[in-house]
K.L.:
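First the structure, which I've put down as structure tokens, then a few questions once you've had a look.
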Amino acid sequence: MGIFSFNAIALAFLLAIISGAVNACPPSDREALLALSSSLKEPYLGIFDSWKGTDCCSNWYGISCDPTTHRVTDVSLRGESEDPILQKTGHSSSGYMTGTINPSICQLDRLTTLIIADWKGISGEIPSCLASLPNLRVLDLIGNSLSGKIPDQIGNLQKLTVLNLADNKINGEIPSSIIQLSSLKHLDLSNNLLTGEVPANFGNLKMLSRALLSGNQLTGTIPISIGNMYRLADLDISRNKIQGQIPAQLGKMKVLATLDLGSNMLTGEIPPAVLGSTGLGILNLSRNSLEGNIPNVFGPKSYFMALDLSFNNLKGPVPGSLSSAKFVGHLDLSHNHLCGTIPVGTPFDHLEASSFDSNDCLCGNPLKTC
């Protein structure tokens with residue numbers, strides 16, 4: 001082999017090394033990820049075994065990079081999914097991880113997606129520095145054992161579209177800055193230990209389509225401003241300690257399809273606009289202290305897959321206009337003070353006695369005859 005050929009091969013080899021180094025993720029991104037993995041223990045799957053080598057953009061499990069800058073953009077570690085790697089657990093769709101979320105993750109300042117979800121055993125607090133990541137669009141930490149508070153400056157994440165912190169042990173109040181998340185579409189804070197009130201200006205979240213706040217210890221009243229959220233399709237504030245009356249504005253929301261206010265401390269009468277809404281398909285007002293008659297406002301456009309008004313202090317008759325509803329799948333009016341004859345025809349011909357149990361003096365099919 002000639003000297004020229006030898007030099008050409010050496011040069012090509014050198015260029016390959018340089019090219020590989022140029023296309024690899026920056027050492028600072030790699031070090032941040034290794035610090036994250038050092039704070040987490042995942043004993044069954046070995047997903048961090050793939051976090052080897054100098055290029056964290058290449059075959060590192062759950063890591064994605066920008067193809068141009070080679071900066072880390074996505075960290076996606078989900079403990080419940082259809083990913084084949086989870087079949088190693090023997091449970092086919094569930095993993096387990098302990099440890100804490102290292103603040104080193106905040107050094108990934110090009111991060112757009114952070115998912116560390118459904119690992120059950122991850123504890124500690126949410127790093128407050130996450131609120132300083134300017135490009136973050138998805139923050140999903142559902143299904144762990146995280147405690148502490150939601151970062152006060154969470155409202156700084158102006159590009160955030162998904163905030164999912166459900167099924168943890170997070171306490172404290174919902175930060176007032178949350179109403180600054182002008183791009184937020186999905187909010188799930190359910191099944192935590194949150195206290196305090198829903199922010200009065202919650203309705204400022206104009207882009208929000210799902211607001212899930214159930215299973216906490218929230219107090220105060222339902223903000224009237226929610227009625228201004230023209231994209232909201234799903235509102236769940238059930239299983240809290242919410243007081244006061246149901247705002248009539250909730251019945252005038254154009255796309256609201258699911259409204260769950262069950263298991264609170266709500267009082268007053270059911271607004272006719274809510275029961276008369278032609279958009280609501282699932283309505284749960286059970287286990288409150290609602291009073292008065294059930295508004296007789298149903299019509300041909302009423303379509304309820306589920307309507308639950310049980311365990312309240314409602315009185316008077318079962319509304320006859322329910323017979324004119326287009327569809328009522330599940331109906332529960334039990335444990336109230338209703339009285340009179342149950343209407344005949346649909347939907348009453350397919351309902352069971354449990355739908356009307358424990359009222360003062362209801363009669364007629366499917367109960368005893370009058």
Side-chain angles (χ1 to χ4, degrees), residues 76 78 80-81 112-118 126 136-144 146 150-151 154-155 157-168 170 173-194 196-218 220 222-240 242 246-247 249-264 274 277-286 303-308:
S76 183
R78 191 177 293 280
E80 291 186 3
S81 71
T112 61
T113 299
L114 177 58
I115 300 174
I116 304 178
D118 297 315
I126 301 170
L136 199 62
R137 289 178 169 83
V138 175
L139 178 57
D140 187 348
L141 305 177
I142 186 177
N144 292 296
L146 298 171
I150 301 172
I154 194 77
L157 300 176
Q158 288 298 295
K159 294 184 179 180
L160 200 67
T161 61
V162 174
L163 177 58
N164 191 349
L165 306 178
D167 302 330
N168 281 286
I170 299 168
E173 299 187 359
I174 299 175
S176 58
S177 71
I178 203 167
I179 64 171
Q180 299 170 18
L181 297 175
S182 57
S183 300
L184 196 65
K185 297 179 180 178
H186 176 101
L187 174 65
D188 192 348
L189 305 179
S190 58
N191 300 320
N192 278 289
L193 303 171
L194 295 172
E197 301 185 7
V198 180
N201 293 328
F202 194 76
N204 286 8
L205 299 172
K206 301 295 186 183
M207 299 299 292
L208 204 62
S209 61
R210 301 192 77 199
L212 310 178
L213 307 175
S214 64
N216 283 287
Q217 299 171 19
L218 298 173
I222 300 172
I224 295 176
S225 65
I226 290 178
N228 300 323
M229 303 171 74
Y230 59 91
R231 293 176 181 264
L232 193 65
D234 189 351
L235 176 61
D236 187 350
I237 318 181
S238 64
R239 296 180 292 118
N240 279 288
I242 302 294
I246 300 171
Q249 288 87 342
L250 299 184
K252 301 173 184 178
M253 300 173 69
K254 298 298 184 183
V255 300
L256 189 64
T258 299
L259 177 59
D260 192 344
L261 305 178
S263 299
N264 278 291
V274 172
S277 170
T278 57
L280 278 175
I282 297 176
L283 176 60
N284 180 16
L285 304 179
S286 68
Y303 193 103
F304 286 99
M305 290 176 283
L307 175 58
D308 192 345

K.L.:
Which pair of non-hydrogen atoms, one from Gln158 and one from Ser183, has the smallest distance, and what is that distance?
P.N.:
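Smallest interatomic distance, heavy atoms only, reads O-OG, 3.0 Å.
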K.L.:
Apply side chain to side chain contact (heavy atoms under 4.5 Å, CB included) to residues Asn144 and Ile142 and explain how you reach the verdict.
P.N.:
CA-CA 6 Å; Asn144 292 296; Ile142 186 177; over 6 Å; no
K.L.:
Can you tell if the side chain of Leu194 reaches within under 4.5 Å of the side chain of Leu189, non-hydrogen atoms only?
P.N.:
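Leu194 vs Leu189: side chains touch.
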K.L.:
Between the side chain of Asn201 and the main-chain N/O of Gly203, is any donor-acceptor distance below 3.5 Å?
P.N.:
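Not a single qualifying donor-acceptor pair exists.
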K.L.:
What is the distance from atom CZ of Phe202 to atom CD of Glu197, rounded to the nearest 0.5 Å?
P.N.:
13.5 Å
K.L.:
Locate the shortest heavy-atom distance separating Pro175 from Pro151; write the atom from each residue and the value.
P.N.:
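It is CG-O, 3.7 Å.
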K.L.:
Could you check whether atom CD1 of Ile224 has more than 12 heavy atoms from other residues, nucleotides or ligands sitting under 6.0 Å from it?
P.N.:
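No, because the 6.0 Å sphere around CD1 of Ile224 holds 12 heavy atoms or fewer from other groups.
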K.L.:
Can you tell me how far the CD1 atom of Ile178 sits from the CD1 atom of Ile150, to the nearest 0.5 Å?
P.N.:
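The CD1 atom of Ile178 sits 5.5 Å away from the CD1 atom of Ile150.
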K.L.:
Could you give the distance from CG (Leu187) to CG (Leu181), rounded to the nearest 0.5 Å?
P.N.:
8.5 Å
K.L.:
Answer yes or no: is there a donor N or O on one side and an acceptor on the other, between the side chain of Asn168 and the main chain of Leu146, under 3.5 Å?
P.N.:
yes
K.L.:
Roughly how far, to the nearest 0.5 Å, is CG of Asp308 from OG of Ser238?
P.N.:
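The distance works out to 11.0 Å.
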K.L.:
Hey, are the side chains of Lys206 and Asn228 touching, using non-hydrogen atoms and a 4.5 Å cut-off?
P.N.:
yes
K.L.:
Are Leu157 and Gln180 packed together at the side-chain level, in the sense that at least one heavy-atom pair is separated by less than 4.5 angstrom?
P.N.:
no
K.L.:
Mark yes or no for whether Gln249, through its side chain, and Ile246, through its backbone, hold a donor-acceptor pair below 3.5 Å.
P.N.:
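No, Gln249 side chain to Ile246 backbone: no donor-acceptor pair under 3.5 Å.
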K.L.:
Could you go through Thr258 and Leu256, starting from their C-alpha distance and side-chain angles, then the distance that decides it, and tell me whether this counts as side chain to side chain contact (heavy atoms under 4.5 Å, CB included)?
P.N.:
CA-CA 6 Å; Thr258 299; Leu256 189 64; over 6 Å; no
K.L.:
Side chains of Val162 and Lys185: does their closest heavy-atom pair fall under 4.5 Å?
P.N.:
no
K.L.:
For the residue pair Leu160 and Leu139, establish whether any side-chain heavy-atom pair is separated by less than 4.5 Å.
P.N.:
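With C-beta onward as the side chain, the pair touches.
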K.L.:
Can you name the nearest heavy-atom pair linking Ala200 to Ser225, along with the distance?
P.N.:
O-OG, 2.7 Å
K.L.:
Any side-chain heavy-atom pair from Asp234 and Leu232 closer than 4.5 angstrom?
P.N.:
no
K.L.:
Please report the C-alpha distance between Asp260 and Ile282 in whole Å, then the side-chain angles of each, then the deciding distance to 0.1 Å, and finally whether the side chain to side chain contact (heavy atoms under 4.5 Å, CB included) criterion is met.
P.N.:
CA-CA 8 Å; Asp260 192 344; Ile282 297 176; over 6 Å; no
K.L.:
Locate the shortest heavy-atom distance separating Ile115 from Arg78; write the atom from each residue and the value.
P.N.:
CG2-NH2, 3.5 Å
K.L.:
Check whether Asn264 reaches the backbone of Asn240 with its side chain - one donor and one acceptor, N or O, closer than 3.5 Å.
P.N.:
yes
K.L.:
Got a second to check how far Leu212's CG is from His186's NE2, nearest 0.5 Å?
P.N.:
5.5 Å
K.L.:
Testing Asp188, Leu184, Asp140 for side chain to side chain contact (heavy atoms under 4.5 Å, CB included) with Leu163, which one passes?
P.N.:
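The side chain to side chain contact (heavy atoms under 4.5 Å, CB included) with Leu163 is passed solely by Leu184 among Asp188, Leu184, Asp140.
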K.L.:
Would a 4.5 Å heavy-atom cut-off, applied to side chains only, mark Val198 and Ile222 as touching?
P.N.:
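Result no, sub-4.5 Å side-chain heavy-atom pair not found.
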K.L.:
Salt bridge check: are Arg210 and Asp236 linked by an N-O gap of less than 4.0 Å?
P.N.:
no
K.L.:
Using only atom types and a distance under 3.5 Å, with no angle test, would you say the side chain of Asn216 pairs donor to acceptor with the backbone of Asn192?
P.N.:
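Present.
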K.L.:
Mind listing the closest non-hydrogen atom pair of Pro199 and Pro223 along with its distance?
P.N.:
O-CG, 3.5 Å
K.L.:
Hey, what do you get for CZ (Arg231) to CE (Met207), rounding to the nearest 0.5 Å?
P.N.:
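Arg231 atom CZ to Met207 atom CE measures 4.0 Å (nearest 0.5 Å).
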K.L.:
Give a yes or no on this: more than 12 heavy atoms of other residues, nucleotides or ligands lie within 6.0 Å of atom NZ of Lys254.
P.N.:
no
K.L.:
For the backbone of Ser214 and the side chain of Ser190, can you confirm whether one donor and one acceptor N or O come within less than 3.5 Å of each other?
P.N.:
no
K.L.:
Give a yes or no answer on whether the side chain of Thr161 reaches the backbone of Arg137 with a donor-acceptor pair at less than 3.5 Å.
P.N.:
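Yes.
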K.L.:
Are Arg239 and Asn191 packed together at the side-chain level, in the sense that at least one heavy-atom pair is separated by less than 4.5 angstrom?
P.N.:
yes
K.L.:
Could you walk me through whether Leu141 and Ile126 pass side chain to side chain contact (heavy atoms under 4.5 Å, CB included), step by step?
P.N.:
CA-CA 9 Å; Leu141 305 177; Ile126 301 170; 4.1 Å; yes
K.L.:
For Val138, is there any backbone N or O sitting under 3.5 Å from a side-chain donor or acceptor partner on Thr113?
P.N.:
no
